[in-house]
Amino acid sequence: MIFILRKHAVSGEQKNFAKCFSERMGSMFKIVTKRQLNEAVTLMEVEAPYIAAKAKAGQFIIFRIDEYGERIPLTIADTDPARGTVTIIFQAVGTSTKTLALMNEGDFIQDFVGPLGNATEIEGYKNVCVVGGGVGCAIAYPSAKALHNAGAHVDMIAGFRNKDIVILEDEMRAVSDNLYVTTDDGSYGEKGFVTNKLQSLIDAGNKYDLVIAIGPIPMMKFLAEVTRPYGIKTLVSLNPIMIDGTGMCGGCRVTVGGKIRFACVDGPDFDGHEVDFDELMRRNSYYKAQERESASHECRMLAAGNAAKEEQKNG
Amino acid sequence: MANLSLTKVPMPEQDPNVRNRNFDEVALGYTEEMAKEEATRCLNCKNRPCVSGCPVNVRIPDFIAQVAQGNFEEAYQIITSTNCLPAVCGRVCTQETQCESKCVRGAKGESVGIGRLERFVADYHMAHVSDPVPSIEKNGHRVAVIGSGPSGLTCAGDLARLGYEVTIFEAFHKAGGVLVYGIPEFRLPKAIVQKEVDRLEALGVEVRTNFVIGKTLTIDEIFAEGYEAIFIGSGAGLPSFMGIEGESLIGVYSANEYLTRVNLMKAYREDYDTPIRKSTAVAVVGGGNVAMDAARTAKRLGAEKVYIVYRRSEAEMPARAEEVHHAKEEGIEFMCLNNPVRILGAENGEVRAIEVISMELGEPDASGRRKPVAVPGSEHEIEVDTVIMSIGTSPNPLIRSTTEGLDATSRGCLVADENMATSRPGVYAGGDAVTGAATVILAMGAGKTAAASIDKYIKEKG
């Protein structure tokens, strides 16, 4: 159980974790499936029936691992309303996602709330190109699926650094008319960036009425530049730092068309031609220095967790 | 013979230069002797003006008479017969504009310290008496309460005492609303809020955290789940920004975000993962209680300089005099009659200064306060690395946009009549969601009124 991890980190006011755990059991969220998609990217299905019943493509959840954790937003990758599960796919990059990646089937996440944000608009589009970059493919996939199910022609471009980190290829192929996989180094699919691929598809005469771009901020920024001269509507899904996800804190504000918008209630999808990507990039690096500072501490924590797990296995 | 002292028995407090480095409570509370002495200042007036000033109708002279005699538990029972959150109210209610403003003793000298006595009584009870499990006969009717802030908790408590099965839906992971995310630990310890929530749960109220109404469930779906009436106490909403240059620089927060990181997410504690900026100089823009909370929090987090930047003069400040006084004691510098023009960033995108323009007071405006007018050419920079915007809120659209037939004002506040009934039958609303940002006690009063209306509605419905 992952909760033992934290014990050593608690200074001063020691908490009785077992008690805290059992008291909160009722509101906790069980991990029912865990699958490693590549070295850094994990898929989990989490029991959250209310969210599973409601969620639409483009919406997100916020999770908090335990009492000491941050509130972290993740876009919903899929849902199974019948089983009452929500699928999340995440890359272990910060304290919370790294700890989450260590949790296993049968473990509980303390808080899991959603579905937050607005669903991606899919009505009325006939010919769409959905572009995913890296782990962003996990978020691009449900949008492609929704559009595909709504009867649109869907081309999908999925870009990765190299062959080793390609994820969700079968899933994406199943919901698109054409799937183009690109890798930066050419180790799989076509060599090159998603921007080059989109340009060549446009040059080849494809007439898209919508492009959806989801991935690293620079990727979305440059993709929006590819479509701008053609006036193709381009939606991007933004991932700013967030706390409550319901419009209360204003931390997730982004500048779109010169105006302050809140990604949690006004987004997370915005017009890619209007977004100030440079500002978003800066704001997302807000706590990078502090995250680095706490890195040594965090590594010890993760190491302790791994050691504890080894012991459990051996004992 | 009444105690004729013109002043309240002073409240013991932590030394300002000690407390501005910790998050422990500022006011330490009366001792039994102090409480008894202050209680004897009450004249027990026949016409009870103080009670008319209390939105939740606490029988003030009655409880104070018990305090004077040392019957503290009896006093507690009197307070809690109409107010389910005495330890909270005793700390954060604006008594000076409520009950204490009506106190006859206030005509000459200071009013009776009603709030201090209420706090003492609540704390005495928490320290000495363990609540028996109340036996309330359930009436079989279910009511949903949206939001667990002061209005929601009050509404839920009153309905539970009447026998209703109440479920509170809270969007955050912890109950308490603004009492846990907004008001700092040093004014309202979170353990006290938790105890009040625990007492409600002992009354049979169910609290379901991680439920965002308008998203996880809609109002109509709550009715479909078998609830007969709904109270919406969803709070003030989205923080406002000024719309000036530089508000998206690194180091600019809304007060809501800053306070939530520290209060709810415990960024001031080593054992929590929540990051917060390590500031040297901070400008807090605004003059309300939330601005004072943000400024005093920034000071405690280690900022050397903390400024309140406010466009009017101190006389017009909406913050409680007590909060302004405490802030000044703790070394917060007040830069009144200054209005931000823009926030300046360094090359790395972080705040380096705020440019303000001097203001002077002109003719009274719509609010009756003298209108601040910019002095041309008086722009100047204040070197800061953090700016906290505390200039109000605008209503959250989540519920009104997902509920048909629920009327809102042009600003977006829910419309409720004097009984807290909205335009939808069975749906009641109160607190900041209706009034816009106001006080804890007014929200509690609205929750109380709504509970009575809901009781009437369900009984008449049969």
Side-chain angles (χ1 to χ4, degrees), chain A residues 6 9-13 15 24 27 29 48 50-51 53-54 59 62 64-65 67-71 94-96 99 110-117 241 243-255 259-260 262 265-266 276 278-283 285-287 289-291 294 298, chain B residues 171-174 178 181-182 207-218 221 234-241 243 247-261 264-267 269-278 345 348-350 389 393-398 401:
Chain A
R6 294 277 191 164
V10 182
S11 58
E13 179 186 323
K15 285 234 167 181
R24 301 198 163 269
S27 67
F29 299 83
Y50 280 100
I51 305 174
K54 267 299 178 62
Q59 292 189 293
I62 285 181
R64 194 177 71 129
I65 289 199
E67 172 57 27
Y68 301 92
E70 296 173 82
R71 292 171 62 92
T95 307
S96 289
T99 313
Q110 181 156 322
D111 300 295
F112 201 81
V113 58
L116 301 168
I241 294 171
I243 303 181
D244 63 306
T246 66
M248 190 277 287
C249 83
C252 67
R253 62 191 184 278
V254 289
T255 303
K259 290 205 174 74
I260 289 181
F262 293 165
V265 290
D266 300 323
D276 186 338
D278 295 337
E279 175 192 290
L280 175 63
M281 229 177 306
R282 273 201 310 272
R283 287 183 59 79
S285 70
Y286 207 154
Y287 298 108
Q290 282 183 44
E291 186 93 26
S294 74
E298 182 195 312
Chain B
F172 262 130
H173 53 261
K174 189 170 261 134
V178 74
Y181 74 72
V207 180
R208 298 178 79 168
T209 52
N210 296 317
F211 261 85
V212 182
I213 303 308
K215 288 289 178 188
T216 317
L217 283 177
T218 61
E221 286 164 337
S234 54
L238 290 61
S240 302
F241 289 88
E247 281 183 307
S248 290
L249 288 167
I250 294 181
V252 182
Y253 288 96
S254 75
N256 275 9
E257 180 185 358
Y258 195 74
L259 291 170
T260 301
R261 282 183 180 277
L264 177 75
M265 305 300 293
K266 308 264 185 278
R269 279 171 48 170
E270 274 291 313
D271 51 342
Y272 280 74
D273 293 339
T274 315
I276 188 102
R277 191 168 173 81
K278 291 182 172 64
N348 61 6
E350 300 197 16
M389 288 291 172
T393 53
S394 64
N396 192 309
L398 286 187
S401 67

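Chain identifiers are assigned alphabetically (A, B, ...) following the order of the sequence lines, protein sequences preceding nucleic acid strands; residue numbering begins at 1 within each chain.
The distance from atom OG of B:Ser234 to atom CE of A:Met248, rounded to the nearest 0.5 Å, is 12.5 Å. Rounding to the nearest 0.5 Å gives a distance of 7.5 Å between OH of A:Tyr286 and CD1 of B:Ile276. For the atom pair CZ (A:Phe262) and CG (B:Asn396), the distance works out to 10.0 Å, reported to the nearest 0.5 Å.
Contacts of A:Lys54 classified as side chain to side chain contact (heavy atoms under 4.5 Å, CB included), with partners at least two apart in sequence or in another chain: A:Pro115, B:Thr218, B:Glu221. Residues meeting the side chain to side chain contact (heavy atoms under 4.5 Å, CB included) test with B:Ala171, sequence neighbours left out: A:Thr246, B:Val212.
The most heavy-atom pairs under 4.5 Å with chain B, out of A:Arg283, A:Glu279, A:Arg253, A:Gln59, come from A:Arg253. Interface check for chain A: of the options B:Arg261, B:Met389, B:Arg277, B:Glu247, the most heavy-atom pairs under 4.5 Å are formed by B:Arg261.
Between A:Thr255 and B:Ser248, the shortest heavy-atom contact is OG1-OG, 3.7 Å. A:Gly247 and B:Pro239 get closest at one heavy-atom pair: O-CD, 3.6 Å. The shortest non-hydrogen separation linking B:Thr216 to A:Tyr50 is CG2-CB, 3.7 Å. The minimum heavy-atom distance between A:Asp244 and B:Phe172, with the atom names listed, is CB-CZ, 3.3 Å. Closest heavy-atom contact between B:Glu257 and A:Ile243: CG-CD1, 3.6 Å.
Residue contact with chain B, scored on non-hydrogen atoms closer than 4.5 Å, involves the backbone and the side chain of A:Arg282 alike. The parts of B:Leu238 that come within reach of chain A are both its backbone and its side chain, each placing non-hydrogen atoms under 4.5 angstrom from that chain. For B:Leu217, the parts lying under 4.5 angstrom from a heavy atom of chain A are both the backbone and the side chain. Residue contact with chain A, scored on non-hydrogen atoms closer than 4.5 Å, is absent for B:Tyr258. With a threshold of 4.5 angstrom between heavy atoms, B:Lys266 does not approach chain A through any atom at all. In this structure, chain A has a heavy atom under 4.5 Å from the side chain of B:Phe241, while its backbone stays farther away.
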Run B:Tyr272 and A:Glu70 through side chain to side chain donor-acceptor pair (under 3.5 Å) and show every step you take.
CA-CA 8 Å; B:Tyr272 280 74; A:Glu70 296 173 82; over 6 Å; no
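For B:Asn210 (side chain) and A:Asp111 (main-chain N/O), no donor-acceptor pair under 3.5 Å exists by modelled atom type.
A:Arg71 has its side chain out of reach of B:Thr260: every pair of non-hydrogen atoms, C-beta onward, lies at least 4.5 Å apart.
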